[in-house]
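The figures that follow rest on heavy atoms only: side chains count, while hydrogens, waters and symmetry mates do not. Naming: A, B, ... by sequence-line order, numbering from 1 per chain.
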There are 2 protein chains.
Amino acid sequence: MAARGSYAKGVARREEILESALDVIGRKGYQNASLKEIAEVVGVTPAALLHYFGSKEELFTAVLRKRDEHDGLEPSVLDAQDAVEGFLEVIRHNTQVPGLVALFSRLSVDAADPAHPAHDYFLERSERLRSTIAESFSSEQQRTTLDPDTLARIIQAASDGLQLQWMIDPTVDMPGIMAALIDALQPAAAKTTD
Amino acid sequence: MAARGSYAKGVARREEILESALDVIGRKGYQNASLKEIAEVVGVTPAALLHYFGSKEELFTAVLRKRDEHDGLEPSVLDAQDAVEGFLEVIRHNTQVPGLVALFSRLSVDAADPAHPAHDYFLERSERLRSTIAESFSSEQQRTTLDPDTLARIIQAASDGLQLQWMIDPTVDMPGIMAALIDALQPAAAKTTD
DNA sequence: GTCTATACTGGGATAGAC
DNA sequence: GTCTATCCCAGTATAGAC
């Protein structure tokens, strides 16, 4: 049903646009990443971008989706022997890509509007993330007084909130503070390998 | 040095603009709150707004500053018998003013740019807030394994992050989850009135 | 000091030519 | 299917009227 001759070029262009968008965001920050500038990197006009993605917001939503694919949270968290360590690894990695963190935070706010193209994306992603957290963490530490969903919401909230603090003051130690929180949430025993 | 006759009108206008900005943000959301629309509510031209505030971003920063004055965090937290209860009360109150929460969150992100007029505002406000938290909470619960500053950063992060979750899904119980977090962070004893 | 009129820039989006 | 030409609206800077 797909992949008829002329589709190939379009698919390639699409990828190229997403890469370029990421590039520009990384260099100039999200706020100054205009369609014009991204289009220049690709070598086309702004309208060409809107031909593939309906709007600027949809384009940036696609960037986030792509990020979730190739360096996504879920795999890292799940594949790691230690779920907590995998989660911290993701946070450490985010330190290296400030542009993406800014994009993510910005869209988190804008997507509050149900009409925003990223609204559903955030709803679904958050729920997936939280159920992953709830499963992973509860198996490690049964002793917490918090029910799994509340625990998951807290971890997610702290993680998102720390990103805000870190963006304004990059000296903030995101991984360290998250580790301290998780540690503090484990009342008694640490690791019983039983 | 101030308050010569003709100042009165200007001061009043300034207040009027801030009120109108809040009004428009509340009704149309932050993203769609244009200078034009705010100006129309006041009954002037957009240029008039820029006469009082240098730019749109400065105007919105002023809105936040005004909020901090008359329904600010610090007094509530400090005056309350129970510091934790005062803090939760503020969060409960925020549930009633979604426009302000959206504005705050949006500027939190935009202010990451050191050139943004709200950059210093957030740096200072955050530090003040955290030292308040650090003092209040440590006096109540000495037993936590967390040092006061880390504890304060966590509380602040969780609070900000919960707002993001709540904006996308208003059924999220911000006060309840924050209470659960604070409770979980108190390992053993609850309140020793000693 | 307060403000309108006006014009300029740059953004995202649309219609329609290739 | 691709992109140029165009449009509209945002925020802003300036000049000068009250």
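- Taking the six-membered ring for Trp and the full ring otherwise, the centers of A:Phe60 and A:Tyr30 sit less than 6.0 Å from each other.
- Distances shown here put every side-chain N or O of A:His51 at or beyond 4.0 Å from the OP1 or OP2 atom of D:dC3.
- With sequence neighbours left out, B:Gln31 forms a side-chain hydrogen bond (donor to acceptor under 3.5 Å, both in side chains) with no residue at all.
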Could you walk me through whether A:Trp166 and A:Thr171 pass the side-chain contact (heavy atoms from CB on, under 4.5 Å) check?
CA-CA 7 Å; A:Trp166 174 75; A:Thr171 67; over 6 Å; no
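- Looking at residues two or more places apart in sequence or on another chain, you find no side-chain hydrogen bond (donor to acceptor under 3.5 Å, both in side chains) involving A:Ser131.
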Base contacts versus sugar-phosphate-only contacts with protein, heavy atoms under 4.0 Å: please encode nucleotides 5-18 of chain C as B, S and - from 5' to 3'.
B-----SSBB----
Parsed dot-bracket for DNA chain C after applying the Watson-Crick and G-U rules with both distances under 3.5 Å and | for other-strand partners is ||||||||||||||||||
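- For D:dT2, the OP1/OP2 oxygens have a side-chain nitrogen or oxygen of A:Tyr52 closer than 4.0 Å.
- Each salt bridge (charged side-chain N to carboxylate O under 4.0 Å, His left out) pair with one or both residues in residues 47-56 of chain B, not counting sequence neighbours, would appear here, but there are none.
- In terms of the side-chain hydrogen bond (donor to acceptor under 3.5 Å, both in side chains) criterion, residue partners of B:Arg130 (sequence neighbours excluded) are, by chain and number, B:Gln156.
- Within 4.0 Å of A:Phe53, counting heavy atoms only, lies no atom of the nucleic acid at all.
- Side-chain heavy atoms closer than 4.5 Å link hydrophobic residues (I, L, V, M, F, W, Y) into clusters, and following such links, even through other members, never connects B:Val11 to B:Leu49.
- The distance between atom CG of A:Leu49 and atom P of D:dC3, rounded to the nearest whole Å, is 10 Å.
- Atom-to-atom, CD of B:Glu37 to P of D:dA10 comes out at 9 Å; the value is rounded to the nearest Å.
- In this structure, the CD atom of A:Gln31 is 15 Å from the C1' atom of D:dG11, given to the nearest Å.
- Side-chain N/O atoms of A:Arg13 include one lying less than 4.0 angstrom from OP1 or OP2 on D:dC3.
- Residues B:Glu69 and B:Lys66 are not paired through a salt bridge, judged by the lack of any N-O separation under 4.0 Å between the basic side chain and the carboxylate.
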